[in-house]
Participant: 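Supplied in structure tokens, the structure appears directly below.
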Amino acid sequence: VRIAKLREQLGAIGADAAIVTTLINVQYLTGFTGSSALLWIDHKSARLFTDGRYTIQAKQQTAGKGVAVQIVKGGALKALEKFKEKYQGKRVAIENQRIGFALATGIKKLFKIAKLDNAIERLRMVKDAGEIAAIRASVELNAKTLAQALKSYKPGMSETALAARIDYEQRLLGASGTAFDTIVASGAHSALPHAQPRNVAINANGYLLIDMGATHTDYKSDLTRTFGVGRPSRRAKDIYDAVLEAQLAAIDAIKPGVEAQKLHEITSKTLRKYKLHKLFTHSTGHGLGLEIHEAPRLGTGDATVLEAGMAITIEPGVYVEGFGGVRIEDTVLVTATGVEVLTPLTIAPKHWTIVG
Ligand code: ZN
Ligand code: ZN
């Protein structure tokens, strides 16, 4: 079905065939998860080229998808030579946004090139029922992981120890891995949106920011919670409340037909009320699925219109150098009538919470 949808677009792109080499897109279209793959799609057939290591795996994973598997020696370009004669003078579309230079150069020598642009990424934005179930399960597992890991929190614990606890509990609950390197950042360090955990005690009075995700049955989840530690200042809570208000305002506005950038406008406008908008230095969120960051991007300039079936994150943040940062993030689903917050809020509540 997914290959058929891409095939339908070939005409509009002005191509007679497409070559897909981005592994995650090959996985989306065929189910194959190996590290070496080139997928050829024309109007009649689809053929996956990989190497000998994946002989069994490729056959198993693509069963029933209408894809022929062929093992090639000597690289992907060699595989394409068989199409050279038949497709001479015709246009073959490549993933011009993601393909490597060497491969693109090689393909250009064989065919006339057309551009897929983000055709596959656009297909991936709207999730089917199976994908939604997988994302839902991943989000639930991730929230349970946080609750479980926080039980072992002790004052004086290091950021790395808490991050290790999260990764461990996540695997115990059945995740195949983390969706990205777990972020645990306390005190002034939490003002770095992509902080790495340090081998130092969690700062005694201030913020504790945890941003974590699971990979579960191939699908990602993404969750950020910021806690107060010990006796945080009044200002710490005030900033938290403003970020929460911004997050809730954006979630409230989600429904089919709304532009992605509109949600960023809403979070920014809310933070402006508290003169915190200049300290909000990233976009409001992103799509997620097989990858942790997918289209759309909930930021200025992305006019993607939200549709039912899109899974996105809502994660405004405020970062004060030398003081600390707050980010609150949930994974949500756009539904036919509005929005469903996938994060189970009874397991991962959002109200201002102090850990010991
Ligand atoms: Zn996150
Ligand atoms: Zn995120």
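We count ligands from 1, going down the list as the structure has it; atoms in each ligand are counted the same way. Because the structure is a prediction, the values reported are computed rather than measured.
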Participant: Please determine, by modelled atom types, if Ser36 and Asp51 share a side-chain donor-acceptor pair under 3.5 angstrom.
Facilitator: yes
Participant: Please list all pairs passing the ring pair (Phe, Tyr, Trp, His ring centres under 6.0 Å) test where one or both residues lie in residues 168-195, with sequence neighbours left out.
Facilitator: none
Participant: Taking the Zn ion (ligand 2) as the vertex, how big is the angle to NE2 in His286 and OD2 in Asp222, rounded to 10°?
Facilitator: 90°
Participant: With a cut-off of 2.8 Å, does Glu329 put an N/O/S atom close enough to the Zn ion (ligand 1)?
Facilitator: yes
Participant: I'd like to know if the Zn ion (ligand 2) has an N/O/S atom from Glu315 within less than 2.8 Å of it, counting both backbone and side-chain atoms.
Facilitator: yes
Participant: Among the N/O/S atoms of Asp211, select the one at the shortest distance from the Zn ion (ligand 1) and name it.
Facilitator: OD1
Participant: If you measure only the distance, is there a donor-acceptor pair under 3.5 Å linking the side chains of Asn199 and Glu159?
Facilitator: no
Participant: Within a radius of less than 6.0 Å around NZ of Lys350, do more than 12 heavy atoms belonging to other residues, nucleotides or ligands occur?
Facilitator: yes
